[in-house]
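The block underneath contains the structure these notes are about, expressed in structure tokens.
Predicted, not measured: the structure shown is a model, and the values here were computed from it.
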Amino acid sequence: MNSDYRKANKLSDEVLLCAESIKSFPFSIEEVIKECTDIELVQYSELRKLGGNAEMIVGSKDGALHENNGRYILFYNEAMPKSRSLFTLGHELGHYQFGHDIKTLDEYKRNHDERFKELYDKCEKEANLFSAQLYTPYQVIKELAKRGCKITTEFLQEHFGVSNQCAKVRISNLCYQKNGEYDDLILAKFKHFIDTTAKRTSSFSDEFEREYEMQRLREPWN
């Protein structure tokens with residue numbers, strides 16, 4: 001059961017373009033969720049005020065999306081490092097945007113029913129892909145690489161505010177990125193970010209390294 005890379009990119013791009021709260025990187029994913037969805041956000045501290053064990057109730061130390069009769073609640077641990085919370089919230093938003101069967105995914109997490117393992121793995125990968133594209137759009141990365149930026153996990157963490165996990169997901173999946181219908185619009189919306197982030201150098205060694213980096217990255221986008 002293959003994950004849908006193209007759909008993950010398309011869904012992420014639509015959020016990037018439609019959300020007025022996204023103006024640059026990093027951005028507030030909480031504001032995006034409030035603006036673009038009917039998901040209710042609940043912090044773990046709110047559950048603890050009610051006398052419950054938040055991790056046991058949610059079934060995760062980071063957070064999870066729950067659905068009940070069409071009502072979606074996203075519980076998240078605000079005490080986690082910001083970059084980690086970002087990935088969790090983006091990942092769960094991915095499940096929502098894809099329309100994944102949340103109850104079936106919850107059932108697998110609780111009982112590890114092997115009948116649902118393949119579906120669970122597929123949905124988890126799609127949610128990761130969505131989150132990576134949302135926080136680090138490949139169109140923006142491609143343009144930054146063209147301008148001489150070295151696309152490393154450290155670079156993505158510094159300029160996009162993502163976790164090491166999210167940065168690794170993005171880099172490991174660059175080879176699957178193809179041109180999409182929203183590429184020009186994404187580049188136009190984030191032109192200022194690209195212009196101010198890109199480093200322009202002129203020494204021979206930097207030019208050599210730039211060409212080497214472009215040769216390494218060029219093939220996946222052809």
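Legend: residues meeting side chain to side chain contact (heavy atoms under 4.5 Å, CB included) with Asn164, ordered by chain and number and at least two apart, are Thr153, Gln157, Lys168. Not a single side chain to side chain donor-acceptor pair (under 3.5 Å) links Lys34 to another residue, sequence neighbours left out. Legend: residues meeting salt bridge (Lys or Arg N to Asp or Glu O under 4.0 Å) with Asp4, ordered by chain and number and at least two apart, are absent. Under the salt bridge (Lys or Arg N to Asp or Glu O under 4.0 Å) criterion, Glu14 pairs with Lys10, sequence neighbours left out.
A chain of hydrophobic side-chain contacts below 4.5 Å, direct or via other Ile, Leu, Val, Met, Phe, Trp or Tyr residues, connects Ile22 to Leu41. The hydrophobic clustering, which links ILVMFWY residues whose side-chain heavy atoms are closer than 4.5 Å, places Met80 and Tyr76 apart. Leu89 and Val42 are members of different hydrophobic clusters when ILVMFWY side chains are connected at heavy-atom separations under 4.5 Å. Grouping the Ile, Leu, Val, Met, Phe, Trp and Tyr side chains by contacts below 4.5 angstrom, directly or via other members, places Ile102 apart from Ile57. The same ILVMFWY cluster, assembled from side-chain heavy atoms under 4.5 Å apart, contains both Val32 and Val140.
Side chains of Asn111 and Glu107: a donor-acceptor N/O pair is present below 3.5 angstrom, by distance only. Counting only N and O atoms by type, the side chains of Lys125 and Tyr120 include no donor and acceptor under 3.5 Å apart. Counting only N and O atoms by type, the side chains of Arg170 and Gln133 include a donor and acceptor under 3.5 Å apart. In this model, a donor atom of one side chain and an acceptor atom of the other lie less than 3.5 Å apart for Glu124 and His95.
Taking both residues in full, the closest heavy atoms of Gly180 and Tyr138 are given as N-OH, 3.1 Å, listed atom of the first, atom of the second, then distance. The shortest non-hydrogen separation linking Ala132 to Cys166 is CA-SG, 4.0 Å. Here the shortest heavy-atom pairing between Ile39 and Ile73 reads CG2-C, 4.4 Å. The two atoms that bring Ser60 and Tyr44 nearest to each other are O-OH, 2.6 Å, heavy atoms only. Contact detail for Gly94 and Phe130: the closest heavy-atom pair is CA-CD2, 3.3 Å. Pairing each heavy atom of Phe87 with each of Ser163, the nearest pair is CB-OG, 4.0 Å.
Under the 4.5 Å side-chain criterion, counting only non-hydrogen atoms from C-beta, Leu105 is in contact with Cys123. A heavy-atom distance below 4.5 Å is not found between the side chains of Leu93 and Phe98. At a threshold of 4.5 Å between non-hydrogen side-chain atoms, the residues Ile194 and His192 do not count as touching. Between Asn9 and Tyr182, the closest side-chain pair of non-hydrogen atoms is not below 4.5 Å. Between Asn128 and His91 there is a side-chain heavy-atom pair separated by less than 4.5 Å.
In this structure, the side chain of Asn77 engages the main chain of Lys61 through a donor-acceptor pair within 3.5 Å. The closest donor-acceptor contact from the side chain of Asn68 to the backbone of Arg71 lies at 3.5 Å or more, if one exists at all. Within the 3.5 Å criterion, the main-chain N or O of Asn179 finds no donor-acceptor partner in the side chain of Asp183. A donor-acceptor distance shorter than 3.5 angstrom exists from the side chain of Ser172 to the backbone of Val169, with no hydrogens or angles considered. Formation of a donor-acceptor pair under 3.5 Å by the Glu67 side chain with backbone atoms of Asn69 is found in this model. Within the 3.5 Å criterion, the main-chain N or O of Ala8 finds a donor-acceptor partner in the side chain of Ser12. Put simply, the side chain of Tyr135 never gets that close to the backbone of Phe27: no donor and acceptor are under 3.5 Å apart. Remark: side-chain polar atoms of Lys189 are paired, donor with acceptor, to backbone N or O of Leu16 under 3.5 angstrom. Gln165 places no side-chain N or O within donor-acceptor distance of the main-chain N or O of Arg84, the cut-off being under 3.5 Å.
For the side-chain hydrogen bond (donor to acceptor under 3.5 Å, both in side chains) test with Asp113, the passing option among Arg110, Arg115, Lys109 is Arg115; the others fail.
In this structure, SG on Cys149 lies 6.5 Å from NE2 on His159, to the nearest 0.5 angstrom. Going from atom NZ of Lys142 over to atom CD1 of Ile186 covers 13.5 Å, rounded to the nearest 0.5 Å. In this structure, CG on Leu144 lies 11.0 Å from NZ on Lys146, to the nearest 0.5 angstrom. How far CD1 of Ile33 is from OG of Ser21: 10.0 Å, rounded to the nearest 0.5 Å. The OG1 atom of Thr37 sits 8.5 Å away from atom CG of Leu74, with the distance rounded to the nearest 0.5 Å. Rounding to the nearest 0.5 Å places CG of Leu156 at 6.0 Å from OG1 of Thr136.
Look at Lys191 and Asp195 and you find a salt bridge, because one of the NZ, NE, NH1 or NH2 atoms lies within 4.0 Å of a carboxylate O, short of that distance. Ionic pairing of Glu118 and Lys122 is not present here: no N-O contact between side-chain nitrogen and carboxylate oxygen is shorter than 4.0 angstrom.
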> So Glu78 and Ser85, side chain to side chain donor-acceptor pair (under 3.5 Å) or not? Walk me through it.
Replying inline: CA-CA 7 Å; Glu78 76 280 11; Ser85 292; over 6 Å; no

> Passes side-chain contact (heavy atoms from CB on, under 4.5 Å), Lys7 versus Leu129? Steps please.
Replying inline: CA-CA 10 Å; Lys7 184 175 180 179; Leu129 292 168; over 6 Å; no

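Every pair passing salt bridge (Lys or Arg N to Asp or Glu O under 4.0 Å) that includes a residue from residues 20-31 is listed here, sequence neighbours excluded: Glu30-Lys82. For residues 54-73, every residue pair satisfying the ring pair (Phe, Tyr, Trp, His ring centres under 6.0 Å) rule, not counting sequence neighbours, is listed here: His66-Phe75, Tyr72-Tyr96.
Other residues, nucleotides and ligands contribute over 12 non-hydrogen atoms within 6.0 Å of the CZ atom of Arg48.
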